[in-house]
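Both ligands and their constituent atoms are indexed starting at 1 by order of listing. None of the values given here were measured: they were computed from a predicted structure.
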Amino acid sequence: MDKLSDIIKAEIEQSGPLSLQDYWNLCQSHPDYGYYMRQDPLGREGDFITAPEISQMFGEMLGIWVADMWMKLAYPNTLHLVECGAGRGTMMEDILRATKNIPGFHQALKVHIVETSPYLKSMQQSKLGSYGFVTWSKILSDVPEEGPIIILGNEFLDALPIRQIAYVDAKWYERVVGVENGEFVMGRGPDIPFSTEVKAENGSVFEFSPVRDAMWEQICERIRKQSGAALMIDYGHGVPAFGDTLQAVRKHQFCDIFDEPGSADITSHVNFGQLAELGKDLSPRFTTQRQFLLNMGIEMRYQTLLKHATEVEGELLSSGLERLIASEQMGDIFKVLCISEPDHVVPAGFE
Ligand code: SAH
């Protein structure tokens, strides 16, 4: 039996259609049947694969980035390093391994993983538990508000829910999830007052995400108050655009968002232009994953690793590198946004 589907349908039948945001929240975070609550979605055997799972070089480049930022912040005695939505903990494991020989760095680190999934938290604990300075919380506000802070997130923001509005017959309305003849349908919700600089065509869809914006505002506020930097990597666009980017993925294939809710990962593209605007007082810098990793020296790291690799390992390194930076793979669709404070501190990777 598809329990979550029945639960959501019953809720809609009782209280009326759900906004996409509420539907998404139930699919991903329902305490018993939500997608992130019950399984490990990542890796080759899972539903999707992320950059840290593709190659150790990704986390290593981030390790160098974080350590460089610590030095530019004038080697603070305590540095809070936060990762939001850490998946299997692979990126943080690679960051910590890559930086362990930097004198004084680990002594200064207090690592906080912000993670809602109990399942993934236990995976992270088994990878990172041996480092005495790693702690976990479910929300960012539990992380101490003192001293410089670096906040990282890879494919974190895309996991936070969006709302969609559609333009039909000269009016914008909210797209909502209803039930018809026992099946989920996308329906017409309340009209929403909205105007755009660019003229919308009939049928245009516009996405926005109060949840992402609120999360990002919290991150910006931390950087303003505590100094430091935030670096977010995700697929998305730099300028706001119309379009329906909502997607569900199961076993590396796209599927319908209404097909077995809670069994597929739901995400959408991140509107980085909007986030940069919210953090415009924090020297936002924006580039592609390809450019960022090349600037960080990933090709040099690849050459070094290759020297000690077997043939099979060498092939994996080379296909991993290709996947991370090739324009037609993750290189261009994935973007990197950084904010930092004070403004004379210039983060690596963007020149
Ligand atoms: N960064 C990892 C995982 C990406 S998947 C990687 O690149 O492999 C998204 C991650 O965000 C998962 O760990 C998921 O459990 C977590 N997550 C989703 N919503 C969250 C929220 N509101 N707060 C904290 N973590 C969240």
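The nearest protein atom to atom 2 (C) of ligand 1, hydrogens excluded, is given as Gly85 O, 3.5 Å; this is a heavy-atom distance. Among protein heavy atoms, atom 8 (O) of ligand 1 sits closest to Thr50 OG1, 2.5 Å. Protein heavy atom nearest atom 22 (N) of ligand 1, with residue, atom name and distance: Leu160 CD2, 3.6 Å. Regarding atom 5 (S) of ligand 1, its nearest protein heavy-atom neighbour is Tyr36 OH, 3.5 Å. Glu115 OE2, 2.5 Å is the protein heavy atom nearest to atom 15 (O) of ligand 1. The nearest heavy-atom contact from the protein to atom 17 (N) of ligand 1 is Thr116 OG1, 3.6 Å.
For the 3.5 Å distance criterion, the side chains of Thr245 and Tyr235 fail to qualify, holding no donor opposite an acceptor. Side-chain atoms of Gln274 and Asp213 form a donor-acceptor pair, as typed in the model, at a separation below 3.5 Å.
Here Cys84 has no heavy atoms under 4.0 Å from ligand 1, in either its backbone or its side chain. Of all the heavy atoms of Leu120, the ones lying under 4.0 Å from any atom of ligand 1 belong exclusively to the side chain.
Of all heavy-atom pairs between Cys338 and Phe350, the closest is CB-CZ, 3.4 Å.
Between Lys3 and Asp6 there is no salt bridge, since no side-chain N of the basic residue sits under 4.0 Å from a carboxylate O of the acidic one.
Ring geometry, His269 versus His237: the interplanar angle falls from 30° to 60°, so the pair is classed tilted.
The Ser117 neighbourhood of ligand 1 comprises atoms 15 (O), with distances under 4.0 Å to a heavy atom of that residue. Ligand-side atoms of ligand 1 in range of Gly87: 2 (C), 3 (C), 13 (O), range being under 4.0 angstrom from any heavy atom. In summary, the atoms of ligand 1 found under 4.0 Å from a heavy atom of Val114, numbered by their order in the structure, are 24 (C), 25 (N).
More than 12 heavy-atom neighbours from other residues, nucleotides or ligands sit within 6.0 angstrom of CD on Glu328. No more than 12 heavy atoms of other residues, nucleotides or ligands shown are found within 6.0 angstrom of OH on Tyr75.
Below 3.5 Å of separation, one finds an N or O of Asn154 facing an N or O of ligand 1.
The closest approach between Met91 and ligand 1 stays at or above 4.0 Å for every heavy atom of the residue.
In this structure the side chain of Val111 never reaches within 4.5 angstrom of the side chain of Tyr131, judged on heavy atoms.
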**Report entry** Derivation of the side chain to side chain donor-acceptor pair (under 3.5 Å) call for Asp244 and Gln164
**Finding:** CA-CA 8 Å; Asp244 176 1; Gln164 284 186 337; 2.8 Å; yes
